[in-house]
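What follows is a short report on a single structure.
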Amino acid sequence: MTRYYPVMLRIEGKRCVVFGGGAVAERKAAGLLEAGAAVTVVSPTLTPLLETWAADGKIAADRRLGAADDLDGAALAFAATDRPEANRRLAEEARLRGVPVSVADDGEAGDFVAPAVVRRGDLVFAVSASGAGPALAARLAGELAERYGPEYGPLAAALRRVRAEVRAAVPDAADRRRLLRTAVGDAALAEWRRLGPDAAGAVLLARLRALAEEEEGRRGRGEPPDPPGFAHFS
Ligand SMILES: C[C@@]1(CC(=O)O)C2=NC(=C\c3[nH]c(c(CCC(=O)O)c3CC(=O)O)Cc3[nH]c(c(CC(=O)O)c3CCC(=O)O)/C=C3\N/C(=C\2)[C@@H](CCC(=O)O)[C@]3(C)CC(=O)O)/[C@H]1CCC(=O)O
Ligand SMILES: NC(=O)c1ccc[n+]([C@@H]2O[C@H](COP(=O)([O-])OP(=O)(O)OC[C@H]3O[C@@H](n4cnc5c(N)ncnc54)[C@H](O)[C@@H]3O)[C@@H](O)[C@H]2O)c1
């Protein structure tokens with residue numbers, strides 16, 4: 001059993017090679033495109049959607065069997081053919097070149113595994129069962145998608161601006177930390193939604209200070225903080 005280390009990779013514009021052109025390859029290519037990668041699919045056959053992406057220039061497609069030199073200059077590789085021997089061989093070639101590779105039919109044979117992903121703008125949920133049960137990862141990600149709907153996308157964008165404002169305007173570290181915790185409480189999140197993405201930085205900061213003062217008041221009266229999970233910070 002492998003204990004994986006989760007990361008958020010910057011792969012925009014980087015060459016990512018997917019071997020195979022079936023449903024699994026399509027899913028990996030879709031995830032890579034979401035992150036702006038330069039995707040090359042190498043496979044004798046492609047799904048209709050992969051064909052469309054190739055025709056539209058969204059991906060590069062080489063309609064043939066995968067070969068070792070496809071890996072030259074790659075940042076990531078995915079061995080997602082339906083041929084276990086081909087996947088294993090391509091994974092070995094990737095490793096020789098120092099290219100991290102995932103293996104679709106045998107997670108343990110690769111350097112990394114793909115999580116189930118839910119994107120809400122800057123907010124990204126990635127769930128992994130470390131190869132124990134991809135369907136469980138997919139199910140739990142589905143639950144997160146229901147709990148955290150599309151409204152969390154713009155909300156994260158507003159929070160990014162609030163945070164920039166606080167970092168620029170509040171020199172005291174403890175004060176900053178207190179404000180930035182208040183900025184992710186239920187009341188603040190509702191406020192960022194209400195004010196929308198175009199509110200002036202000074203307005204956002206003024207609202208945040210007011211909310212922090214209300215919170216101080218609650219704390220003074222012995223009432224629970226917002227959000228409740230932050231109790232252990234204070
Ligand atoms: C999460 C997700 C992300 C993605 O692919 O982008 C993903 N698999 C998904 C779906 C899925 N995959 C499979 C089923 C059928 C049910 C079942 O078999 O359980 C379903 C469910 C479905 O289709 O609904 C079959 C399967 N998958 C792997 C093997 C081989 C093996 O176990 O080693 C086999 C058997 C093949 C065979 O029998 O021939 C291997 C891997 N699949 C992984 C990721 C990595 C581990 C992640 C983890 O454990 O968390 C890993 C190790 C490598 C990798 O691919 O990175 C995506 C859900 C996306 C979403 O819907 O949100
Ligand atoms: N990791 C996962 O999420 C997951 C999920 C389901 C299945 N699987 C495994 O992944 C494999 C692929 O699944 P699929 O549904 O996409 O299969 P598929 O049969 O739909 O597609 C396989 C693709 O690989 C291509 N191919 C075959 N040999 C090749 C080679 N040497 N080089 C390049 N391309 C080659 C085929 O032309 C085809 O396009 C399955 O065999 C299964 O073992 C993995």
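Every heavy atom of this structure was used, including side-chain atoms; hydrogens, water molecules and symmetry mates were not. All values reported here derive from a predicted model rather than from experimental measurement. When a ligand or atom number is given, it counts from 1 through the structure's own listing order.
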Close side-chain approach of Val118 to Tyr148, heavy-atom, < 4.5 Å: no

Residues lining ligand 1 [heavy-atom distance under 4.0 Å, listed by chain and residue number]: Arg27, Lys28, Ser102, Val103, Ala104, Asp105, Asp106, Gly107, Val113, Ala114, Pro115, Ala116, Ser128, Ala129, Ser130, Gly131, Ala132, Gly133, Pro134, Ala137, Ala138

Rounded distance (nearest 0.5 Å) linking atom CZ of Arg193 with atom CG of Leu195: 12.5 Å

Ala109 backbone acceptor or donor facing Arg88 side chain under 3.5 Å: no

Tyr4 vs Val113 side-chain heavy atoms within contact, under 4.5 Å: yes

Val124: hydrophobic cluster co-members (side-chain, 4.5 Å): Met8, Val117

Check: Leu71 and Phe19 side chains under 4.5 Å, non-hydrogen atoms: yes

Residues Asp70 and Arg64 bridged, charged N to O under 4.0 Å: yes

Amino acids in close contact with ligand 2, where any non-hydrogen atom sits under 4.0 angstrom away: Gly20, Gly21, Gly22, Ala23, Val24, Arg27, Lys28, Val42, Ser43, Pro44, Thr45, Leu65, Gly66, Ala80, Thr81, Asp82, Arg83, Ala86, Ala104, Asp105

pair Arg209-Val170: side-chain heavy atoms closer than 4.5 Å: yes

Connected hydrophobic set around Leu76, excluding itself, where side chains approach under 4.5 Å: Tyr5, Val7, Leu9, Ile11, Val18, Leu32, Leu33, Val39, Val41, Leu46, Leu49, Leu50, Trp53, Ile59, Phe78, Phe112

